[in-house]
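What follows is a short report on a single structure.
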Amino acid sequence: MKKLVLFSGAGISAESGLKTFRDSGGLWENYSIYEVATPEAFAKNPQLVLDFYNMRRTQLENAFPNEAHKMGVKLEEYYDVHIITQNVDDLHERAGSKKVLHLHGELRMVRSTKNPSIRKDIVYQSVSLGDTASDGAQWRPDIVWFGEAVPKMDEAIAIVRKADILVTVGTSLNVYPAAGLVDAANENCLKYIIDPNADEILSVSDMHIIKEKAGTGMSRLFNILSEHD
Ligand code: OAD
């Protein structure tokens with residue numbers, strides 16, 4: 001079976017009602033990265049940061065996988081599929097995808113502020129100041145904030161290097177190191193990008209562009225791949 005990597009960003013969950021970050025009306029228009037998505041922000045105003053992720057967890061509880069997530073599952077019938085997502089939602093898993101790697105952490109998970117290996121799945125519950133892990137330290141969202149290392153990057157690069165097909169969906173490729181993944185593919189890898197604004201994204205020169213929203217774009221990709229093989 002050929003290896004297909006689906007590299008997703010916020011745009012794949014847009015049709016599930018979850019906001020992207022950099023589109024007009026996106027999350028970073030209403031919140032400052034520096035107030036809610038850095039370790040310094042958490043040190044300065046932990047309540048505000050916890051509230052931001054509590055709000056996003058509630059939104060996630062009320063969101064459902066869309067056609068694009070479901071197509072990711074359907075591709076498993078024909079390919080060895082690895083999902084590498086920048087998203088912190090659980091919609092790929094809820095759609096039924098088997099192998100999902102979260103580069104930027106997961107909304108459902110919290111971890112001890114003292115010991116990153118103490119983690120817990122709180123599903124869609126809220127975290128309050130004073131909620132502590134077994135080591136007595138405050139829980140924090142298990143999210144990779146700006147300025148923090150991306151622990152799963154090496155694993156993701158190794159997966160992309162082996163890919164026969166790399167499908168990038170719904171990411172502006174603005175945030176590094178994650179965005180650099182598209183350059184890790186080998187020279188024979190077939191590359192596609194699905195995004196309604198694909199022509200505005202840098203570094204897509206060697207990719208086949210499918211300028212569509214994720215749901216329509218994934219169906220079109222499926223048809224293109226079926227004609228190829
Ligand atoms: P962005 O908000 O930067 O980019 C979203 C992309 O999705 C854009 O290229 C849009 O054109 C596209 N898009 C919008 N609607 C779409 C739809 N219906 N179907 C397909 N594509 C659509 O989001 P990301 O690239 O995922 O990190 O952002 C990367 C990282 O920046 C996130 O993981 C997050 C953020 O800050 C952290 O919080 C650490």
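The analysis underlying the following values was restricted to heavy atoms, covering all of them including side chains, and did not include hydrogens, waters or symmetry mates. Bear in mind the structure is a predicted one, so any value in this text is a computation, not a measurement. Read the numbers this way: they start at 1 and go in the same order the structure lists the ligands and their atoms.
Not one N or O on the side chain of K114 forms a donor-acceptor pair closer than 3.5 Å with the backbone of A137.
With sequence neighbours excluded, the residues forming a salt bridge (charged side-chain N to carboxylate O under 4.0 Å, His left out) with D80 are K3, K99, listed by chain and number.
Surrounding CZ of R22 are more than 12 heavy atoms belonging to other residues, nucleotides or ligands, all under 6.0 Å away.
Contact check on E212 versus R220 returns a salt bridge, with a Lys/Arg side-chain nitrogen under 4.0 Å from an Asp/Glu carboxylate oxygen.
Pairs passing the ring-ring contact (aromatic ring centres under 6.0 Å, His included) check and including a residue from residues 83-132, sequence neighbours excluded, read H69-H92. Applying the salt bridge (Lys or Arg N to Asp or Glu O under 4.0 Å) rule to pairs touching residues 128-147 yields R111-D142, R119-D142, R140-E148, sequence neighbours excluded.
Protein residues having at least one heavy atom under 4.0 Å from any atom of ligand 1 are G9, A10, G11, A14, E15, T20, F21, R22, D23, W28, Q86, H104, V144, F146, G170, T171, S172, V175, D195, P196, N197, I201, K213, A214, listed by chain and number.
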